[in-house]
Q: 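Dumping the structure here so I can ask a few things about it.
Order of appearance sets the numbers: ligands from 1, and atoms from 1 within every ligand.
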Amino acid sequence: MATLKILIFPDPKLRTVAEPVKEVNDSIIKLTEDMLETMYEGEGIGLAATQVDVHKRIIVIDISNEKNDPIVLINPKINKIINEEIKSYSEGCLSVPGIFEELERPSAVEIIALGIDGKEFTLVAEDILSVVIQHEMDHLEGKMMVDFLSNLKREMIRKKMVKLRASK
Ligand code: GNR
Ligand code: NI
């Protein structure tokens, strides 16, 4: 396994729209393992392939306290919004380190995706899992949490990230 470099906002590569995975082969499996290692190392609860500059529709998630319950979603699709009720959650992003912002999203969604075995499965996601899946699926579209904020706030965050990168 290996850890991968995470792209930091405003890197334009984070705006790439990811391509569907054609076949869940050994190289895709290896990539998901490296993504999980990268996510755990960064103390994140989710990671989209886009964030490690791989523009394929792959997401890894682990919302367990013990960090022993990885979820891999390949070519995920929101099948339906189960609950239109909008809930607010304080979101963070490994590509926007140190920034937390309240965002509003539908509270429950049903997802169809391929697992690491290449088989399609359905997942009903509520609460934090629903938030993280929607956050990660945005990354696959080149969309980021800062896009939901005011222009002023986004510009402040952009400057902060440019400084942060220069200091590293
Ligand atoms: O680690 C993460 N935490 C988080 C908290 C609230 C809502 C979404 C997330 S996802 C984020 C990791 C990340 O950047 N995924 O793309
Ligand atoms: Ni993110």
Q: Please note down the angle at the Ni ion (ligand 2) between SG of Cys93 and NE2 of His139, to the nearest 10°.
A: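 So the angle at the metal works out to 100°.
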
Q: Without swapping roles, check the side chain of Thr50 against the backbone of His139 for a donor-acceptor pair under 3.5 Å.
A: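 Answer holds: yes.
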
Q: Can you name the atoms of ligand 1, numbered from 1 with element, that are less than 4.0 Å from a heavy atom of Gly44?
A: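 That gives atoms 1 (O) of ligand 1.
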
Q: Assess whether a salt bridge exists between Arg158 and Glu155, defined as any Lys/Arg side-chain N lying under 4.0 Å from an Asp/Glu carboxylate O.
A: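 Yes.
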
Q: Nearest to atom 14 (O) of ligand 1, what protein heavy atom do you find, and at what distance?
A: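 Looking only at protein heavy atoms, the one closest to atom 14 (O) of ligand 1 is Leu94 N, 2.8 Å.
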
Q: With carbon and hydrogen excluded and only N/O/S kept, which atom of His135 is nearest the Ni ion (ligand 2)?
A: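 Atom name returned: NE2.
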
Q: Considering non-hydrogen atoms of the protein only, which is the closest contact for atom 15 (N) of ligand 1, and what is the distance?
A: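 Of every protein heavy atom, Glu136 OE2, 2.6 Å lies nearest to atom 15 (N) of ligand 1.
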
Q: Pull out every atom of ligand 1 sitting under 4.0 Å from any heavy atom of Ser90, numbered as shown with elements.
A: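 The atoms of ligand 1 under 4.0 Å from a heavy atom of Ser90 are 6 (C).
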
Q: Under a 3.5 Å distance rule, please check whether Asp127 uses its side chain to pair with a backbone N or O of Leu129 as donor and acceptor.
A: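 It does not hold such a pair.
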
Q: Give the atom numbers and elements of ligand 1 that come within less than 4.0 Å of a heavy atom of His135.
A: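 Those qualifying, in numeric order: 8 (C), 10 (S), 13 (C), 14 (O), 15 (N), 16 (O).
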
Q: Could you tell me whether Lys67 atom NZ has more than 12 heavy atoms of other residues or ligands within 6.0 Å of it?
A: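 Atom NZ in Lys67 is packed in, count exceeds 12.
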
Q: Can a cation-pi geometry be assigned to Lys160 and Phe9, taking NZ or CZ under 6.0 Å from the six-membered ring centre and within 45° of the ring axis?
A: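 Output no; distance or angle outside limits.
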
Q: Salt bridge or not between Asp138 and Arg105? Use side-chain N to carboxylate O under 4.0 Å.
A: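 Answer for the salt bridge query: yes.
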
Q: Tell me, please: is Gly42 in heavy-atom contact with ligand 1, that is, under 4.0 Å?
A: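 No, Gly42 has no heavy atoms under 4.0 Å from ligand 1.
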
Q: Of all the non-hydrogen atoms in the protein, which one sits nearest to atom 4 (C) of ligand 1, and at what distance?
A: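 The protein heavy atom lying closest is Gly92 O, 3.6 Å.
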
Q: How does Glu91 reach ligand 1, by side chain, by backbone, by both or by neither, if only non-hydrogen atoms under 4.0 Å count?
A: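 The answer is both.
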
Q: So which bit of Met39 gets within less than 4.0 Å of ligand 1, heavy atoms only: side chain, backbone, both or neither?
A: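 It is neither part, as no heavy atom is under 4.0 Å.
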
Q: Against heavy atoms of Ile45, which atoms of ligand 1 measure under 4.0 Å?
A: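 That gives atoms 1 (O), 2 (C), 3 (N), 4 (C), 5 (C) of ligand 1.
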
Q: Do other residues, nucleotides or ligands put more than 12 heavy atoms under 6.0 Å from Asp69 CG?
A: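 Yes - once you tally the heavy atoms of other residues, nucleotides and ligands closer than 6.0 Å, there are more than 12.
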
Q: How close does the nearest protein non-hydrogen atom get to atom 12 (C) of ligand 1, and which residue and atom is it?
A: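 Checking every protein heavy atom, the shortest distance to atom 12 (C) of ligand 1 gives Gly46 O, 3.1 Å.
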
Q: Other residues, nucleotides and ligands only: do more than 12 of their heavy atoms fall within 6.0 Å of CD on Glu19?
A: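 At most 12 heavy atoms, drawn from other residues, nucleotides or ligands, come within 6.0 Å of this atom.
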
Q: Answer yes when Lys30 and Asp26 have at least one side-chain N-carboxylate O distance shorter than 4.0 Å, and no when they do not.
A: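 Between Asp26 and Lys30 there is no salt bridge, as every charged N stays at least 4.0 Å from the carboxylate O atoms.
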
Q: Applying a heavy-atom cut-off of 4.0 Å, say which part of His139 lies close to ligand 1: side chain, backbone, both or neither.
A: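 It is the side chain that touches ligand 1; the backbone stays farther off.
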
